[in-house]
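This report refers to the structure that appears directly beneath it.
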Amino acid sequence: MAKLVVLAVLASLISTVSCQSWTWSIYRSWGYPSPTWGTPWTYNSAPATWTTPPPPPSSNGLKVGYYADHNCSNAENIVRAAVEKASAGILAGLIRLAFHDCFVRGCDASVLLEGSDTEKQGFPNLSLRGFGIIDAAKDALEKECPGVVSCADIVSFAARDASYILSYKKINYTVPAGRFDGKVSFANETLGQNLPPPFADLATLKRMFADKGLDPTDMVVLSGAHSIGISHCPSFSDRVNPPASPSPSMDSDLAKKLNQTCDTPNNATTTVPQDSVTPDALDSQYYKNVMSGKVLFTSDAALNSSETLELVKKYAGSDDWNTAFGAAMVKMGYIGVKSSKEGEIRKKCGVINKS
Ligand code: HEM
Ligand SMILES: *[C@@H]1O[C@H](CO)[C@@H](O)[C@H](O)[C@H]1NC(C)=O
Ligand SMILES: *[C@@H]1O[C@H](CO)[C@@H](O)[C@H](O)[C@H]1NC(C)=O
Ligand SMILES: *[C@@H]1O[C@H](CO)[C@@H](O)[C@H](O)[C@H]1NC(C)=O
Ligand SMILES: *[C@@H]1O[C@H](CO)[C@@H](O)[C@H](O)[C@H]1NC(C)=O
Ligand SMILES: *[C@@H]1O[C@H](CO)[C@@H](O)[C@H](O)[C@H]1NC(C)=O
Ligand SMILES: *[C@@H]1O[C@H](CO)[C@@H](O)[C@H](O)[C@H]1NC(C)=O
């Protein structure tokens, strides 16, 4: 009997330790060249002595109503008209695009660039969507005021308009604009380098957001975007497959359901809603889901830690979150903004201008 207890303790210790080494293996089936297959992943961009995060991003000269002052007073209406044509899923994709754009090389539309080795091809990109809406808005804008509106601003406006629609008009913020478009985009700067992976723990999340000048509150508030849209099975299969599960914190009914829906852990075609309670509403249901274990990723479940639980409780089901989300999106929109000296106004959002 005593031996059995010792064995059980040992087994749980071993499994705890193995959970500390982040692994890419859950993505193995996606067909991407492995960044570090088999190698444990740690986020290492900051020095070991890192104590003070960079200052929060400042407005960098951006201005609400920028295009009214730049001979394109219709700019935001034109973007909105394009966004209004999108389905709920594409609207979710547009909000995610803003996040992926801003976290990699700043909000400079680098996420939109086409090429064999750009962020768009970056690992893993399966669920990036909404590009067609951005292109439609750009085409309309080039007719109305050619060469004036940056793709980076279109991405920011579109995320705002998508939030407005998916929140049933409860999220309604203004977007400071005047960003210029970048000329560089690398696939190897996406997941794990600048974008947190779904298996990140709280310390990693805090650090990856801090590296962009965003604090833990911003991180908690922005994570609420996981109340819309979808995920592919490999992004959470580590939490569903019982033998490998590092997280007993998933609601057991949800885990069972996901295990059945996904069939095999590496099923990269099946998708499930992020928020099974209110799948298409951008709302604070997410925080209730965090507390009840009805979230998909380790990064979502991590918010139930004592350090962030007060915030989660505060936002759960509260309309206060709507204002907080708008403010956090604006702050995120300041990350690494480029001036006219560092960037350009692209003619087509998928390619840099010919010099
Ligand atoms: C906190 C760290 C975050 C992690 C680890 C993370 C990770 C992920 C993953 C793995 C997916 C699903 C990909 C797939 O399998 O298809 C996803 C989807 C999504 N994420 Fe995040 N994300 C984070 C933060 C954010 C932020 C800050 C936003 C926006 C403000 C956001 C918005 C979304 C949206 C809207 C979707 C659904 C996209 C769609 O349906 O097309 N996420 N995220
Ligand atoms: C707006 O257009 C007018 C006339 O075409 C031009 O003189 C002016 O410089 C433009 N303003 C800006 C901010 O581009
Ligand atoms: C994602 O990358 C794959 C492989 O590199 C590529 O075929 C696909 O078009 C990319 N998806 C998007 C949305 O660009
Ligand atoms: C959203 O904000 C705009 C201006 O900031 C205002 O005109 C509009 O009435 C607001 N919409 C709602 C539903 O509050
Ligand atoms: C990322 O890819 C680019 C272009 O392929 C390359 O020049 C650069 O060295 C790579 N960076 C890293 C850290 O591997
Ligand atoms: C579901 O659970 C079984 C074991 O109980 C496991 O073999 C299978 O890989 C799991 N499926 C997924 C999608 O994790
Ligand atoms: C979240 O944390 C609270 C407080 O510690 C706990 O009661 C609850 O069971 C946790 N939820 C999950 C899903 O772990």
Side-chain angles (χ1 to χ4, degrees), residues 19 32-36 39 41 43-45 63-68 73 75-77 79-80 83-84 104-105 110 113-123 157 160-177 182-195 201-202 220 223 226 236 239-240 245-256 258 275-277 282-283 285-317 319 322-323 325-327 329-330 352:
C19 295
Y32 294 90
S34 139
T36 47
T39 322
W41 178 81
Y43 180 56
N44 234 345
S45 83
K63 232 188 110 192
V64 171
Y66 178 88
Y67 290 108
S73 54
E76 295 190 43
N77 294 330
V79 175
R80 188 177 314 112
V83 173
E84 279 168 356
V104 187
R105 291 189 172 263
S110 53
L113 288 175
E114 307 273 355
S116 57
D117 205 19
T118 61
E119 287 166 36
K120 209 175 161 181
Q121 309 297 319
F123 173 87
F157 293 144
R160 180 265 315 269
D161 298 335
S163 302
Y164 183 72
I165 298 170
L166 289 178
S167 70
Y168 302 99
K169 307 187 183 182
K170 286 184 177 172
I171 298 174
N172 188 25
Y173 59 98
T174 50
V175 174
K183 299 176 189 173
V184 177
S185 177
F186 290 138
N188 60 11
E189 293 181 350
T190 54
L191 191 91
Q193 298 301 315
N194 291 290
L195 296 167
D201 64 2
L202 186 64
V220 171
S223 294
H226 287 175
F236 54 81
R239 302 185 71 228
V240 170
S245 173
S247 176
S249 60
M250 187 183 275
D251 171 79
S252 58
D253 288 338
L254 179 64
K256 239 179 258 162
L258 294 173
D275 171 0
S276 53
V277 185
L282 182 57
D283 60 13
Q285 173 66 39
Y286 171 79
Y287 300 94
K288 290 186 184 171
N289 295 350
V290 166
M291 290 193 290
S292 61
K294 292 188 180 131
V295 282
L296 298 179
F297 310 134
T298 301
S299 63
D300 297 317
L303 304 188
N304 203 48
S305 314
S306 57
E307 215 181 318
T308 45
L309 190 59
E310 281 315 304
L311 271 179
V312 168
K313 279 186 186 155
K314 173 179 155 183
Y315 290 128
D319 274 349
N322 297 312
T323 333
F325 184 73
M329 288 294 281
V330 169
I352 61 174

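Computed over heavy atoms, backbone and side chain alike; hydrogens, waters and symmetry mates excluded. For ligands, and for the atoms within them, numbers begin at 1 and follow the listed sequence.
Looking at Ser292 next to ligand 7, no N or O pair under 3.5 Å apart turns up. Checked by distance only, ligand 7 and Met291 come closer than 3.5 Å through their nitrogen or oxygen atoms.
Only the side chain of Leu309 comes within 4.0 Å of ligand 7, counting heavy atoms alone; its backbone N, CA, C and O stay farther away.
Residue contact check: Gly293 has heavy atoms under 4.0 Å from atoms 13 (C) of ligand 7. Distances below 4.0 Å separate heavy atoms of Ser249 from the following atoms of ligand 7: 13 (C), 14 (O). Atoms of ligand 7 found under 4.0 Å from any heavy atom of Asn304, numbered from 1 in the order shown, are 1 (C), 2 (O), 3 (C), 8 (C), 10 (C), 11 (N), 12 (C), 14 (O).
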Under 3.5 Å, N/O to N/O: give me all the pairs between ligand 4 and the protein, one per line with atom names and distance.
residue, atom, partner, partner atom, Å
ligand 4, 2 (O), Asn172, OD1, 3.3
ligand 4, 2 (O), Asn172, ND2, 2.3
ligand 4, 11 (N), Asn172, ND2, 2.9
ligand 4, 14 (O), Asn172, ND2, 3.4

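Looking at Asp275, its side chain never comes within 3.5 Å of a backbone N or O of Tyr286 through a donor-acceptor pair. One N or O on the side chain of Thr118 and one on the backbone of Leu113 form a donor-acceptor pair closer than 3.5 Å.
Heavy atoms only, all atoms of each residue included: Gln121 and Gly115 are closest at CG-O, 3.2 Å. Closest approach of Phe157 to Val79, counting heavy atoms only: CB-CG1, 3.8 Å. Nearest heavy atom pair, residue Tyr67 against residue Ala75, reads CB-CB, 3.7 Å. Considering every non-hydrogen atom in both Ala301 and Val295, the closest pair reads N-CG2, 3.9 Å.
Side-chain contact check for Thr174 and Arg160: no donor-acceptor pair (N or O, by modelled atom type) lies under 3.5 Å.
Note on residues 296-306: no pairs pass salt bridge (charged side-chain N to carboxylate O under 4.0 Å, His left out), not counting sequence neighbours.
Classification of Glu119 and Arg105 as a salt-bridged pair fails, no side-chain N sitting under 4.0 Å from a carboxylate O.
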